[in-house]
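The sequence lines fix the lettering, A, B, ..., with proteins before strands; numbering per chain opens at 1. Bear in mind that the values here come from a model prediction, so they are computed numbers and not experimental data.
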There are 2 protein chains.
Amino acid sequence: MAAKRSGAQSKRSHRKKTDAPPRSEPPLSLERIVATAVELLDAQGVDGLTMRQLADRLGSGVMSLYWHVDNKEGVFDLALDAVLEYRGPPQIVEAQDWRTAIIHMLEDWRGSMLRHPWSASLLPSRTLGPNILGRLELLSKTLSGAGVTDADMNVAIWSLWNYVMGATITRASFDRSDDDMDAAQQRLTSLSAHYPTIERTRLLLDNDWDGVFRNGLDFLLDGFAPRPGGVGAPR
Amino acid sequence: MAAKRSGAQSKRSHRKKTDAPPRSEPPLSLERIVATAVELLDAQGVDGLTMRQLADRLGSGVMSLYWHVDNKEGVFDLALDAVLEYRGPPQIVEAQDWRTAIIHMLEDWRGSMLRHPWSASLLPSRTLGPNILGRLELLSKTLSGAGVTDADMNVAIWSLWNYVMGATITRASFDRSDDDMDAAQQRLTSLSAHYPTIERTRLLLDNDWDGVFRNGLDFLLDGFAPRPGGVGAPR
DNA sequence: TCATCCTATGGTACGATGTACGAGTCAATC
DNA sequence: GATTGACTCGTACATCGTACCATAGGATGA
């Protein structure tokens with residue numbers, strides 16, 4: 001279960017922080033641990049996060065971490081949710097239609113994950129933290145306001161979720177290895193006898209990922225809650 | 001580098017299987033290694049595959065594996081591609097329209113991954129093996145025949161890929177932990193003040209995953225290549 | 001004042017993992 | 001008989017998560 005956590009640390013005491021840097025790290029706290037974990041994950045990827053490295057960066061002993069955190073899984077959960085906060089659409093957008101609001105939230109979601117590429121592949125296999133639940137709630141509420149019935153709601157939400165997750169995970173893992181993609185496309189070329197079509201369209205190169213994302217999203221939204229004007233496929 | 005691989009193994013000799021374990025296992029081979037790895041992954045999940053366990057099941061020493069395989073990553077790559085073979089649609093379907101063919105292939109793809117739940121989350125981060133490339137080629141060729149231009153092709157393919165991957169990864173990880181989902185929904189109920197809408201629609205329970213998948217897929221396909229009778233947006 | 005307790009830290013140690021290294025076996029070939 | 005190349009595997013090591021336990025210091029009560 002959850003280790004006890006200091007709700008409030010009144011203590012400021014005589015920690016000199018401002019002058020000499022020699023010995024004095026600030027005390028451990030959940031916030032510092034999570035923030036440092038995110039740094040480490042951003043810098044080194046999922047495999048780069050080890051409890052020892054984390055402790056090193058925090059200037060603490062390894063086992064001290066375990067007073068604040070259950071185990072390494074817990075660090076992942078917290079780092080993940082930390083990265084998925086949503087502050088809501090800007091004022092300008094707020095008054096606009098539901099479709100704009102939804103697209104804003106989903107693109108922000110995707111953007112947040114791509115800024116921390118380790119997060120995308122982590123999310124599906126982990127218990128849903130408050131920030132994700134908040135996004136799902138917002139999505140539900142907005143769709144509900146747009147006329148989607150409760151009966152159709154879960155289908156709509158999960159389809160959108162699936163789409164966002166797939167797009168983001170794919171993009172994030174290809175992102176990490178552009179060289180690999182080049183190599184793969186080269187390999188493809190040498191095998192063009194077997195894969196003529198995808199070789200011809202250069203499937204593995206030069207893709208407009210943002211455009212792809214937006215495009216498919218439009219189709220899905222059209223399907224769930226058609227636009228009045230019945231606009232077709234843009235582009 | 002790839003280790004050398006025995007093209008032919010003449011030795012068949014005497015195979016015992018499960019009774020006395022003394023000496024007589026069949027010789028190692030890539031095929032046997034991959035098949036056993038898949039068994040192990042199916043039984044224990046991604047974390048359950050260790051080189052030692054794999055060797056145990058094969059009745060060999062751990063290091064013997066490394067003559068056939070570069071490293072553990074290689075085992076993953078091979079197991080993954082092994083699971084993704086596609087034999088094509090049955091004869092009855094073959095003559096039918098492109099839409100049926102595509103849906104058949106994508107549902108088969110999803111089905112294969114769900115039969116081996118570890119495979120879905122592995123796929124995006126790994127180099128594309130021949131079986132996956134084959135599926136992509138088939139998809140391209142079919143869409144091309146359906147009138148999708150080369151310019152629109154990559155957008156269509158990647159949207160479908162994203163959707164299939166997202167749906168399958170999500171389903172596979174929820175699948176593994178129905179209890180967790182119950183627990184999550186319970187937690188949700190206790191927090192219904194914060195998440196009233198998703199609590200009301202019981203988002204985390206009782207979902208018709210197959211239906212969701214098929215539904216969103218229809219919307220996407222309508223978007224890319226509208227049906228003549230046209231439910232979706234005209235282009 | 002001292003004794004006690006809670007919060008918080010971290011050293012040591014253990015079992016598990018992937019795999020480098022190099023010695024071993026055996027059949028085919030010269 | 002000697003050599004070679006395909007294949008097997010025991011040993012050893014670095015690295016990981018973390019259980020266990022000793023410790024320190026402030027707060028509290030006597």
Side-chain angles (χ1 to χ4, degrees), chain A residues 1-16 23-34 36-37 40-41 44-79 122 126, chain B residues 1-15 21-34 36-37 40-41 44-79 122:
Chain A
M1 288 293 101
K4 277 183 203 143
R5 183 201 319 179
S6 68
Q9 53 202 37
S10 49
K11 211 49 52 58
R12 253 303 128 221
S13 73
H14 48 66
R15 278 296 182 220
K16 299 294 206 172
R23 295 288 127 224
S24 54
E25 296 281 352
L28 277 182
S29 70
L30 245 203
E31 293 72 29
R32 243 168 50 83
I33 291 177
V34 173
T36 310
L40 212 46
L41 285 164
Q44 327 244 31
V46 194
D47 294 336
L49 180 67
T50 72
M51 297 305 271
R52 280 170 237 257
Q53 270 217 50
L54 186 52
D56 268 7
R57 281 219 185 188
L58 289 162
S60 78
V62 195
M63 292 315 291
S64 307
L65 301 175
Y66 286 86
W67 197 89
H68 300 268
V69 152
D70 284 351
N71 48 36
K72 194 184 178 182
E73 298 278 290
V75 179
F76 277 130
D77 286 341
L78 290 166
L122 239 45
R126 234 142 257 285
Chain B
M1 305 259 83
K4 268 157 178 192
R5 184 200 317 178
S6 71
Q9 60 204 35
S10 46
K11 211 35 81 60
R12 235 327 111 215
S13 70
H14 40 66
R15 67 141 86 65
R23 290 292 128 223
S24 57
E25 295 282 349
L28 277 182
S29 69
L30 245 202
E31 293 70 29
R32 242 170 48 88
I33 292 177
V34 173
T36 310
L40 213 45
L41 285 163
Q44 325 244 33
V46 194
D47 294 338
L49 179 67
T50 73
M51 297 304 272
R52 278 170 237 259
Q53 271 218 49
L54 186 53
D56 268 7
R57 281 219 184 188
L58 288 161
S60 79
V62 194
M63 295 313 293
S64 308
L65 302 176
Y66 286 86
W67 197 90
H68 301 267
V69 151
D70 284 352
N71 46 38
K72 193 183 178 181
E73 299 279 290
V75 179
F76 277 130
D77 286 341
L78 291 166
L122 239 44

key: Candidate nucleotides C/dT9, D/dC9, D/dT18, ranked by approach to the side chain of A/Tyr66 - the nearest   =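 It is D/dT18.
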Whole-Å distance between [N] [atom2] and [X] [atom1]?
X: B/Glu73; N: C/dG18; atom1: CD; atom2: P; result: 11 Å
X: A/Asp56; N: D/dG17; atom1: CG; atom2: P; result: 12 Å
X: B/Trp67; N: C/dC21; atom1: CH2; atom2: C1'; result: 18 Å
X: A/Leu65; N: C/dG11; atom1: CG; atom2: C1'; result: 14 Å
X: A/Arg32; N: C/dA8; atom1: CZ; atom2: P; result: 14 Å
X: A/Asn71; N: D/dT18; atom1: CG; atom2: P; result: 5 Å
X: B/Ile33; N: D/dC9; atom1: CD1; atom2: P; result: 11 Å
X: A/Met51; N: D/dG17; atom1: CE; atom2: P; result: 7 Å

key: Minimal non-hydrogen separation, B/Asn71 against B/Tyr66, with atom names   =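 Scanning both residues, the minimum pair turns out to be CA-CE2, 3.9 Å.
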ask   = With nearest nucleotides of DNA chain D determined for A/Met63 and A/Gln53 from heavy-atom distances, which residue corresponds to the more 5′ nucleotide?
value =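 By nearest-heavy-atom nucleotide position, the 5'-most residue is A/Gln53.
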ask   = For DNA chain C, whose closest nucleotide is more 5', that of A/Val62 or that of A/Arg52?
value =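 Result: A/Val62.
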request  = Hey, could you give me the CG/OG distance between B/Leu28 and B/Ser64, rounded to the nearest 0.5 Å?
outcome  =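 Rounded to the nearest 0.5 Å, the CG-OG separation comes out at 6.0 Å.
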key: B/His68 vs D/dT8: side-chain N/O to OP1/OP2 distance below 4.0 Å   =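 So the side-chain polar atoms of B/His68 do come within 4.0 Å of the phosphate oxygens OP1 or OP2 of D/dT8, strictly under.
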key: B/Ser64 side-chain N/O to D/dT8 phosphate OP1/OP2 under 4.0 Å   =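 No, outside the criterion.
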task = Tell me what A/Leu49 touches on the nucleic acid: a base, only sugar-phosphate, or nothing, going by heavy atoms under 4.0 Å.
result =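 Sugar-phosphate contact only.
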request  = Side-chain contact test, heavy atoms from C-beta onward, threshold under 4.5 Å: evaluate it for B/Val75 versus B/Leu65 and give yes or no.
outcome  =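 With C-beta onward as the side chain, the pair stays apart.
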request  = State, with a plain yes or no, whether a side-chain heavy atom of A/Ile33 is found less than 4.5 Å away from one of A/Leu78.
outcome  =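 Of all side-chain heavy-atom pairs linking A/Leu78 with A/Ile33, none is under 4.5 Å.
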query = Counting distance only, does the side-chain N/O of B/Arg32 pair as donor-acceptor with the main-chain N or O of B/Pro27 below 3.5 Å?
reply =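 Yes.
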